[in-house]
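Before any comments, here is the structure.
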Amino acid sequence: MKTISRLIFCVLFLGVFSEVFAQRFLWNARFDTRFDNREYKSEVNWPQTLFGARLTPEVGIGWGNGNGLMIGVDLMADFGAKTFNTDPELLFYYNYDSKKFKAYAGIFPRNKLIGGYSNAFFSDSVRFYDANLDGLLLQYVGGRGYVEVACDWNSMLSETTREKFMLFSSGRVNTPVFYAGYNVSMYHHAGTIHEDGVVDNVLLNPYVGIDLSRKLPLDSLYIQAGWLQAFQNDRKYVGEYVSPHGAQIELRVEKWKFGIFNTLYLGQNLMPYYDSPYFDYGHGLYFGEPFYRTESNVYDRLELYWHPIRTGNMNLRVASIHHYDGKKWGWQQMVTFWVDINGKMSRKK
């Protein structure tokens, strides 16, 4: 309730401020819901059903050419649990928006990212449940591609905790047919004062691809080949870097709003400390899909989907996803829907 009361006060303050200084009043509201049923028999991932929704209303003021201050609240509910079983999260951030450059600073929604990060970086669960970033995001979008750099600060130094933060970046350059890009992240994981030690987790993903979407009568057709290279050092229990790696190939074909998206990873376990004999770091250290823990040097994800609604402010997607970890198959059914509306009211001097 304190969070909501503070939000109401800030809305009133922004309204008065915009009237007095003749700025623009900005607002935005986004609704997300996701049904995610996972029927796994894998030894590296577990069955569960995730079903929930979130509402994120925001208001703010804008001035000059692309400057804005926004404040909002993130309300999350898991269906079947007590309503709003997670505490509301207050959002507040500065935003600069021009034709080529964008910047965000503060606590802002993860959906502001534009990078094409592999599920080895961020799993489906992380994208939905860890919906906000605390820190900074810088983006450049040109005629041939984009680049973004971000910092997400997860924990600060206190009597019981230590610093945790992730630095990550994505970039891509396009030609009419060929393209090349990269994804990279560095997560500094320092546990509590009395428990696990410090782990540095670096993941690199350069890739190249061929996009034939404009050359054939298809909505989408591309094939992409990349390399996933990790560097990880558990300073307390190991004291040296390990470097698991592997190749990844992606293929997407889409026509008439139906598509096939297949991701094949051939390589080593990218999460060696997930349940190490020293300390079970688990998802506290790794944000990627746990299937990349494969001990069989193979992981394949086959996604069959229908995308009946895909506009700038509304999206509905239905997918049947099949996972193979080198030993067993798993089946995942996912339905996602979001709607994002915004507006602004000009205040003339």
Side-chain angles (χ1 to χ4, degrees), residues 66 95-105 108-124 126-127 130 133 135-152 166-187 201-216 218-231 245-254 259-267 270 287-289 292 299 301 303 305 307 310-312 315 317 336 338 340:
N95 171 216
Y96 175 74
D97 189 349
S98 69
K99 185 176 180 180
K100 292 186 176 182
F101 295 96
K102 295 181 187 294
Y104 302 87
F108 52 90
R110 180 181 290 272
N111 59 48
K112 304 299 183 184
L113 297 174
I114 59 175
Y117 299 95
S118 162
N119 278 10
F121 288 81
F122 305 113
S123 68
D124 294 329
V126 167
R127 296 177 201 267
D130 186 12
L133 303 179
L136 180 66
L137 172 62
L138 303 174
Q139 296 172 332
Y140 169 81
V141 179
R144 292 286 184 90
Y146 66 84
V147 62
E148 70 178 4
V149 179
C151 173
D152 184 19
M166 176 180 286
L167 304 175
F168 60 97
S169 177
S170 178
R172 174 166 162 161
V173 176
N174 302 307
T175 70
V177 175
F178 300 97
Y179 63 88
Y182 74 90
N183 301 301
V184 60
S185 69
M186 191 287 289
Y187 186 49
N201 181 10
V202 179
L203 184 60
L204 305 173
N205 175 215
Y207 62 83
V208 295
I210 301 175
D211 190 341
L212 301 175
S213 304
R214 298 182 180 180
K215 304 296 182 180
L216 297 173
L218 295 169
D219 297 329
S220 180
L221 173 59
Y222 70 80
I223 184 169
Q224 176 178 303
W227 186 259
L228 286 166
Q229 179 68 61
F231 299 96
H245 53 264
Q248 182 160 282
I249 301 173
E250 299 180 9
L251 171 66
R252 185 187 297 275
V253 182
E254 184 177 325
I260 300 173
F261 181 38
N262 192 83
T263 303
L264 174 63
Y265 171 72
L266 300 172
L270 292 179
F287 290 71
E289 187 66 55
Y292 284 92
Y299 164 50
R301 173 187 171 116
E303 187 169 350
Y305 65 88
H307 220 149
R310 182 166 45 188
T311 66
N315 190 293
R317 194 170 190 272
T336 59
W338 59 260
D340 195 335

Quick check: do Arg317 and Thr336 have side-chain heavy atoms less than 4.5 Å from each other?
yes
To the nearest 0.5 Å, tell me how far Leu204 CG sits from Ser185 OG.
8.0 Å
Quickly, which of Asp152, Asn183, Val184 forms a side-chain contact (heavy atoms from CB on, under 4.5 Å) with Phe168? Name it, please.
Asp152
CG (Leu137) and OH (Tyr104) are apart, to the nearest 0.5 Å, by 7.0 Å
Could you walk me through whether Tyr179 and Gln224 pass the side chain to side chain donor-acceptor pair (under 3.5 Å) check?
CA-CA 9 Å; Tyr179 63 88; Gln224 176 178 303; 3.0 Å; yes
Say whether, by atom type as modelled, one donor and one acceptor occur between the side chain of Ser213 and the main chain of Leu221 under 3.5 angstrom.
yes
List the atom of Asp130, the atom of Arg110, and the distance in Å for their closest heavy-atom pair.
O-NE, 2.7 Å
Kindly give the heavy-atom pair with the smallest separation between Val253 and Tyr305, and that separation in Å.
O-OH, 4.5 Å
Aromatic contact between Tyr187 and Phe287, with the criterion being ring centroids under 6.0 Å apart: yes or no?
yes
Member of Asn119, Leu270, Ile249 meeting the side-chain contact (heavy atoms from CB on, under 4.5 Å) criterion with Tyr265
Leu270
What is the minimum heavy-atom distance between Lys215 and Val177, and which atoms define it?
CE-CG2, 3.6 Å
Is a side-chain N or O of Asp340 found less than 3.5 angstrom from the main chain of Gly312, in a donor-acceptor match?
no
Could you check whether any side-chain N or O of Gln139 sits under 3.5 Å from a backbone N or O of Ala150, counting only pairs where one atom can act as donor and the other as acceptor?
no
Show the nearest heavy-atom pair for residues Thr311 and Trp338, with the distance to one decimal.
O-CH2, 4.2 Å
Would you verify whether the NZ or CZ of Arg127 falls within 45 degrees of the ring axis of Tyr117 while also being under 6.0 Å from that six-membered ring's centre?
no
Looking only at atom types and distance, does a side-chain atom of Glu148 sit under 3.5 Å from a main-chain N or O of Ile114, one as donor and one as acceptor?
yes
Taking the six-membered ring of Tyr182 (Phe, Tyr or Trp), confirm whether the NZ or CZ of Arg172 is under 6.0 Å from its centre and within 45° of its axis.
no
Specify the closest pair of heavy atoms between Tyr292 and Ser118, including all atoms of both residues, with the distance to one decimal.
OH-OG, 3.6 Å
